[in-house]
Amino acid sequence: MNDLLNFILSQDAFRKNRLPSLYSDFAIHRKTNPDGYAVNVAAWEQALTKAAKHGYISSSHGQISTPSKGAKHKRDHLVLRADKSLLRDLEIPEWGQPVALGAVLEEAMQNRTIVPLQVYKANPAILQKPQWRLIEPGVLNPWNMMSWGLKQLKGVVVGTNESSPGLQGQEWILVENLKEAAGGIVKQVIGQSPSNTDLIYSKESFVNEFGTILNHESELSETDFDILLLYMSRDSGAIAYDGKTIKFRPSNVAPREITQQDSTVASIKALMATMAKQVQGLENKISELNSTAKAALHNKNRISALSAVRSKKLAERNLQQRLDTLLQLEEVYSKIEQATSQIEYIQVMEASTGVLRGLNTQIGGAERVEDVVDELRDEMSKVDEIGNIMNEAGPQIDEAEIDEELEELENKERQAREEEEAEETRQKLAELDNLEQKAKEAARIAASEQNVDSELEERLSRMSVEENPSTVAQ
């Protein structure tokens, strides 16, 4: 069982009890059981899209060569080749090949979740979902021709309009994966607040940078990158692209053309990356030669040791040359980046100057401002003058009457305060009298109780005296 089939069967929609339905010709139930038909179509469509995203779809250009050490497989993540080899990869012994896969692709094409590769290259409008309208019979475009051709092909291959069409080796673009890859790349680049030079890539550096944007275990194929660059430059407008140089557009007003300066910056960045790889390779080679020389000396093989040391010296000389060249390139790139930033600064300053010039024109200059301020002061002084005149025209108030009325109010306030204090004093005295009466009553009660106790003791004493003589007589 291959990796693609293992991945498909691991999906929740491909449980064991669902396989008989998914591998049957469920297209004949398009009208009799539309819900079941839609569920099966969605299951196959999502499974194939995810499989391609994770790098389980075989390349559309033959067998994949074994990658070198440290490199990753190149797989088609954005393109699906639907042919007999795909059916063989999906075949399982118990249920055979998926019979209705052609119907799945046709339904996905109608929903624009997949589109024919060759048609997309010629007609960008094919990504737009179809509207519920009549197609003008006089309009002949690739999409109408493709739809008509598929309908005719379905009748020829199978002989009925209800069964699934066959697979004819068509290459399809997986629109969901395409948009996800493009969105991830734009987010990764623009999200880092890059400078203008950071937005520029050569095609080689672009491929190296974003090859694993969908899956870290496998890289996008050359076909994937061709479709991706076409979509990002022609359809989404995220980049400007001339076939060699790529420049990201942070806004819709950014230019769509690649200038000579952009190409030069891309070349410098590519050369710097190449030099960095060469430096790393020479460093590794020097380390290996040094180990070889030590091992030869340990084995007392002087000739091998001398050869290793001689090769090491040559490698060190080459390394120094590469380092010097890389340093010069980095200095040039730094100056270009600095000059680019200065251009942006000057452009902003020029725009700001224009804004200030326009505002100053609207104000009318310093003389007009002085005239406006003088007029404002005149009007304010007129307001003060009018107020003074109105105050003089108002009724005159006798200040002595005001003082007498204020004094009367103060006297009333003082009398009220004194009466309040007297009332508080009377209440306190009444409370003291009440407490004194309570104390006298308590003392009287205590004295009365004491007298009762004394009388009781006296009676008890007399009773004891009277009882003693009788006791003696006995």
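Distance CD/Glu204 to CD1/Ile246: 11.0 Å, rounded to 0.5 Å. With rounding to the nearest 0.5 angstrom, the CG atom of Asp25 is 11.5 Å from the CG atom of Leu101. The line from CD1 of Ile386 to NZ of Lys382 is 8.5 Å long, rounded to the nearest 0.5 Å. Separating the CD atom in Gln170 from the CE atom in Met109 is a distance of 9.0 Å, to the nearest 0.5 Å. To the nearest 0.5 Å, the span separating CD on Glu106 from CZ on Arg30 amounts to 6.0 Å. The OH atom of Tyr37 lies 12.0 Å from the NE2 atom of His29; values are rounded to the nearest 0.5 Å.
For the 3.5 Å distance criterion, the side chains of His77 and Ser218 qualify, holding a donor opposite an acceptor. Under the 3.5 Å distance criterion, with hydrogens and angles disregarded, a donor-acceptor pair is assigned to the side chains of Asp83 and Ser85. When only modelled atom types and interatomic distance are considered, Gln320 and Asp324 share a side-chain donor-acceptor pair under 3.5 Å. Remark: the Asn284 side chain and the Glu288 side chain contain no N/O donor-acceptor pair separated by less than 3.5 Å. Counted by atom type alone, Ser195 and Glu337 present one or more donor-acceptor pairs between their side chains at under 3.5 Å. Side-chain N/O atoms of Asp224 and Ser221 include a donor and acceptor closer than 3.5 Å. Using modelled atom types, one finds a donor on one side chain and an acceptor on the other under 3.5 Å when comparing Asn40 with Arg18. For the 3.5 Å distance criterion, the side chains of Asp226 and Thr223 fail to qualify, holding no donor opposite an acceptor.
Between Ala240 and Ile258, the shortest heavy-atom distance links the atoms O-CD1, 3.4 Å. Minimum heavy-atom separation, Gln362 to Arg368: O-NH1, 3.8 Å. For the pair Val175 and Arg112, the tightest heavy-atom approach, listed with the atom from each and the gap, is CG2-O, 3.4 Å. Taking each heavy atom of Ile286 and Ala315 in turn, the nearest pair found is CG1-CB, 3.6 Å. The two atoms that bring Pro116 and Ile126 nearest to each other are CD-CD1, 3.7 Å, heavy atoms only. Here the closest non-hydrogen pair linking Ala52 and Ile57 is CA-CG1, 3.5 Å.
In this structure the side chain of Leu326 never reaches within 4.5 angstrom of the side chain of Gln278, judged on heavy atoms. Side-chain contact between Lys335 and Gln338: present, with at least one pair of heavy atoms (C-beta onward) separated by less than 4.5 Å. In this structure, the side chains of Thr49 and Asn177 come closer than 4.5 Å at one or more pairs of heavy atoms. Residues Leu19 and Leu9 meet the side-chain proximity criterion, which asks for heavy atoms closer than 4.5 Å. Contact check for Leu329 versus Val332: no side-chain heavy atoms found under the 4.5 Å cut-off. Side-chain contact between Ile343 and Ile346: absent, with no pair of heavy atoms (C-beta onward) separated by less than 4.5 Å. By the 4.5 Å heavy-atom criterion applied to side chains, Glu171 and Asp76 are not counted as neighbours. Leu319 has its side chain within reach of Leu323: a pair of non-hydrogen atoms, C-beta onward, lies under 4.5 Å apart.
Panel note: side chain Ser334, backbone Glu331; no donor-acceptor pair is recorded below 3.5 Å. A distance-only check finds a donor-acceptor pair linking the side chain of Asn2 to the backbone of Leu4 [under 3.5 Å]. Side-chain atoms of Ser10 come within 3.5 Å of backbone N or O of Phe7 as a donor-acceptor pair. No donor-acceptor pair closer than 3.5 Å links the side chain of Asn301 to the backbone N or O of Leu297. Panel note: side chain Thr361, backbone Arg357; a donor-acceptor pair is recorded below 3.5 Å. A donor-acceptor pair is defined here as one N or O able to donate and one able to accept, closer than 3.5 Å; such a pair exists between the side chain of Ser311 and the backbone of Ser307.
Checked against the 6.0 Å centroid threshold, Phe26 and Trp44 do not count as a close aromatic pair. Ring pair Tyr201/Phe210: centre-to-centre distance below 6.0 Å.
Annotation for Glu222: atom CD does not count as buried by contact number, only 12 or fewer foreign heavy atoms lying within 6.0 Å. Applying the 6.0 Å contact sphere to CD of Gln261 captures no more than 12 heavy atoms from other residues, nucleotides or ligands. Around atom CZ of Arg15, more than 12 heavy atoms belonging to other residues, nucleotides or ligands sit under 6.0 Å away. By the neighbour-count criterion of 12 heavy atoms within 6.0 Å, atom CD of Glu176 is sparsely surrounded, having that number or fewer from other residues, nucleotides or ligands. Few gaps surround CG on Leu359; more than 12 heavy atoms of other groups in view lie less than 6.0 Å from it. Within 6.0 Å of CZ on Arg317 lie no more than 12 heavy atoms contributed by other residues, nucleotides or ligands.
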>> Applying side chain to side chain donor-acceptor pair (under 3.5 Å) to Ser205 and Ser202, what does each step give before you reach the verdict?
In response: CA-CA 5 Å; Ser205 60; Ser202 65; 3.0 Å; yes
>> Please evaluate residues Thr245 and Asp242 with respect to the criterion side-chain contact (heavy atoms from CB on, under 4.5 Å), reporting the C-alpha separation (whole Å), side-chain torsions for both, the decisive distance (0.1 Å), and the verdict.
In response: CA-CA 6 Å; Thr245 304; Asp242 65 353; 3.7 Å; yes
> Checking side-chain contact (heavy atoms from CB on, under 4.5 Å) for the pair Val309/Leu289: CA distance, chi angles, key distance, verdict?
Replying inline: CA-CA 7 Å; Val309 171; Leu289 290 172; over 6 Å; no
> Passes side-chain contact (heavy atoms from CB on, under 4.5 Å), Phe206 versus Ile185? Steps please.
Replying inline: CA-CA 10 Å; Phe206 184 89; Ile185 292 174; 4.0 Å; yes
>> With side-chain contact (heavy atoms from CB on, under 4.5 Å) as the criterion, how do Trp172 and Leu105 come out once you've worked through the C-alpha distance, each side chain's angles and the decisive distance to 0.1 Å?
In response: CA-CA 9 Å; Trp172 304 90; Leu105 298 178; 3.9 Å; yes
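A salt bridge links Lys53 with Glu180: the closest approach of a Lys/Arg side-chain nitrogen to an acidic carboxylate oxygen falls below 4.0 angstrom. Ion pairing between a basic and an acidic side chain is recognised when a charged N comes within 4.0 Å of a carboxylate O; Asp235 and Lys179 show no such pairing.
For Lys294, the side-chain contact (heavy atoms from CB on, under 4.5 Å) partners at least two apart in sequence or on another chain are Asn290.
In this structure, Arg249 forms no cation-pi arrangement with Tyr241, as its terminal cationic atom is not both closer than 6.0 Å to the ring centre and no more than 45° off the ring axis.
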When the side chains of residues 266-276 are checked against the rest of the protein, which donor-acceptor pairs come out under 3.5 Å, sequence neighbours left out?
residue, atom, partner, partner atom, Å
Ser267, OG, Ser263, O, 2.9
Lys269, NZ, Thr197, O, 3.2
Lys269, NZ, Ile200, O, 2.7
Thr274, OG1, Ala270, O, 3.0

Only distances under 3.5 Å count here; give the side-chain donor-acceptor pairs of residues 86-99 to other protein atoms, sequence neighbours excluded, each with its distance to 0.1 Å.
residue, atom, partner, partner atom, Å
Glu91, OE1, Gln97, NE2, 3.4

